[in-house]
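Below is one structure, written out as structure tokens; the observations come after it.
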Amino acid sequence: MARVLINIPKEARKGEVIEIKVLISHPMESGQRRTDSGQVIPRKIINKFVCTWNGDEVLSVDLFPAIAANPFLSFFAVADVSGTISMTWVDDDGATQTELASITVT
Amino acid sequence: MLLAISAAAAEPRSGYQDASPATRAMQDDDTTNPGFLWVQQGEAIWHEHGGTTGKSCADCHGDAAAMRGVAARYPAYNVTLGHPLTLEQRINLSRTADQGAEAFAPEGDTLLAITAFVGLQSRGMPMAVSPDGPARPYYENGQRLFQTRMGQLNLSCQQCHDDFAGKRLAGALIPQGHPNGYPLYRLEWQGMGSLYRRIRNCITGVRGEPFAVDSPDLVDLELFLGVRATGLVVETPAVRP
């Protein structure tokens with residue numbers, strides 16, 4: 001499992017705009033580089049990120065090879081109901097990683 | 001020239017002050033600083049039981065806050081061994097001698113992680129590396145190395161980082177070269193790196209042969225750099241371009 005830093009407020013008032021910040025460790029190998037012996041280093045990037053709030057999609061992102069290692073995403077959502085925010089990263093090799101955070105909306 | 005050197009010594013300037021606003025913002029916010037990926041890993045290592053004793057760092061040292069101030073004074077003279085050690089070497093010594101575990105590989109993610117975690121405990125504290133007492137000859141050797149021309153370009157550390165600090169080498173600003181943020185996340189590396197990695201970069205840059213990773217000269221140079229940074233605060237884990 002890759003290391004992840006997630007920053008989401010634990011509590012929010014109803015209707016409040018909250019910022020969600022996520023950082024994941026990943027080499028984001030572009031597929032354009034070569035080794036010293038000329039072999040192409042195969043592409044290995046996170047190509048998709050999805051964030052849902054109680055199952056409703058908040059953000060869906062397609063990522064491409066020009067994005068730096070350890071991609072950081074920051075986005076906003078309107079707090080409506082308490083529940084679980086789920087974040088999923090999809091790797092080129094098919095591996096996925098899902099992290100959950102709970103939030104209380106009052 | 002003497003005047004310029006003493007001015008540089010009187011007012012050390014952190015690489016942070018010359019970084020772009022975006023890079024500074026990245027370092028200022030722990031949630032955007034990628035160095036915290038390693039800090040997080042280091043915290044896990046702190047609590048990890050291992051070695052022949054089955055102990056974790058926390059078992060002996062307790063809360064990581066006990067490490068406050070440690071990173072600020074390393075490299076430091078080790079009385080038992082009779083020579084100075086870098087923080088990385090000190091951690092590995094504790095790991096092999098006290099924990100009975102294998103040393104972490106130099107430059108490896110695990111060693112960078114635990115060093116960053118220990119370093120973070122001293123963040124904001126003034127650098128306090130001591131050149132006095134038994135460390136003196138090692139400090140002087142470090143100073144000598146700092147002033148020694150090396151490589152095909154025949155440059156010493158001092159020529160760039162004292163005499164020409166603040167000017168430009170091609171498009172890049174020449175920093176004073178202080179070690180107060182290591183291990184740090186460098187955007188160019190797309191990862192975390194030690195002070196040794198940075199020094200190696202510089203030496204290959206002047207087309208010289210870098211120090212071996214376990215070279216005593218390297219420790220002496222790091223010791224000298226630590227003393228030279230007196231007046232700055234620890235920024236670990238810093239972010240640099």
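A note on names: the letters A, B, ... follow the listed sequences, proteins ahead of strands, and every chain is numbered from 1. Note that these values count all heavy atoms, side chains included, but never hydrogens, waters or copies made by symmetry.
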**Prompt:** Taking atom NZ of A:K21 as the centre, does the number of heavy atoms from other residues, nucleotides or ligands within less than 6.0 Å exceed 12?
**Reply:** yes
**Whether over 12 other heavy atoms sit under 6.0 Å from A:E19 CD** = yes
**Prompt:** What residue in B:T31, B:L187, B:L37, B:T32 has the most heavy-atom pairs under 4.5 Å with chain A?
**Reply:** B:L37
**Asked** Is it the case that more than 12 heavy atoms not belonging to A:F75 sit under 6.0 Å from its CZ atom?
**Response** yes
**Prompt:** With a 4.5 angstrom heavy-atom cut-off, which part of A:V4 approaches chain B: side chain, backbone, both or neither?
**Reply:** backbone
**Message:** Are there over 12 heavy-atom neighbours, none belonging to B:E209, within less than 6.0 Å of that residue's CD?
**Reply:** no
**Prompt:** Counting only heavy atoms not in B:R207, do more than 12 fall under 6.0 Å of its CZ?
**Reply:** no
**Prompt:** What pair of heavy atoms forms the shortest contact from B:Q190 to A:A69, and how long is it?
**Reply:** OE1-N, 2.7 Å
**Message:** Looking only at heavy atoms and a cut-off of under 4.5 Å, which of A:I24, A:L5, A:N7 has the most pairs with chain B?
**Reply:** A:L5
**Message:** Less than 4.5 Å to any heavy atom of chain A: does that hold for the side chain of B:D29, its backbone, both, or neither?
**Reply:** side chain
**Message:** Just so I know, are the side chains of A:L23 and B:F36 near enough to count as touching, which here means a heavy-atom distance under 4.5 Å?
**Reply:** no
**Between B:Q41 and A:R3, a side-chain donor and acceptor under 3.5 Å** = yes
**Prompt:** A:I6 versus chain B, heavy atoms under 4.5 Å apart: side chain, backbone, both or neither?
**Reply:** neither
**Complete:** If one checks every heavy atom of B:N33 against chain A at 4.5 Å, the contacting part turns out to be backbone
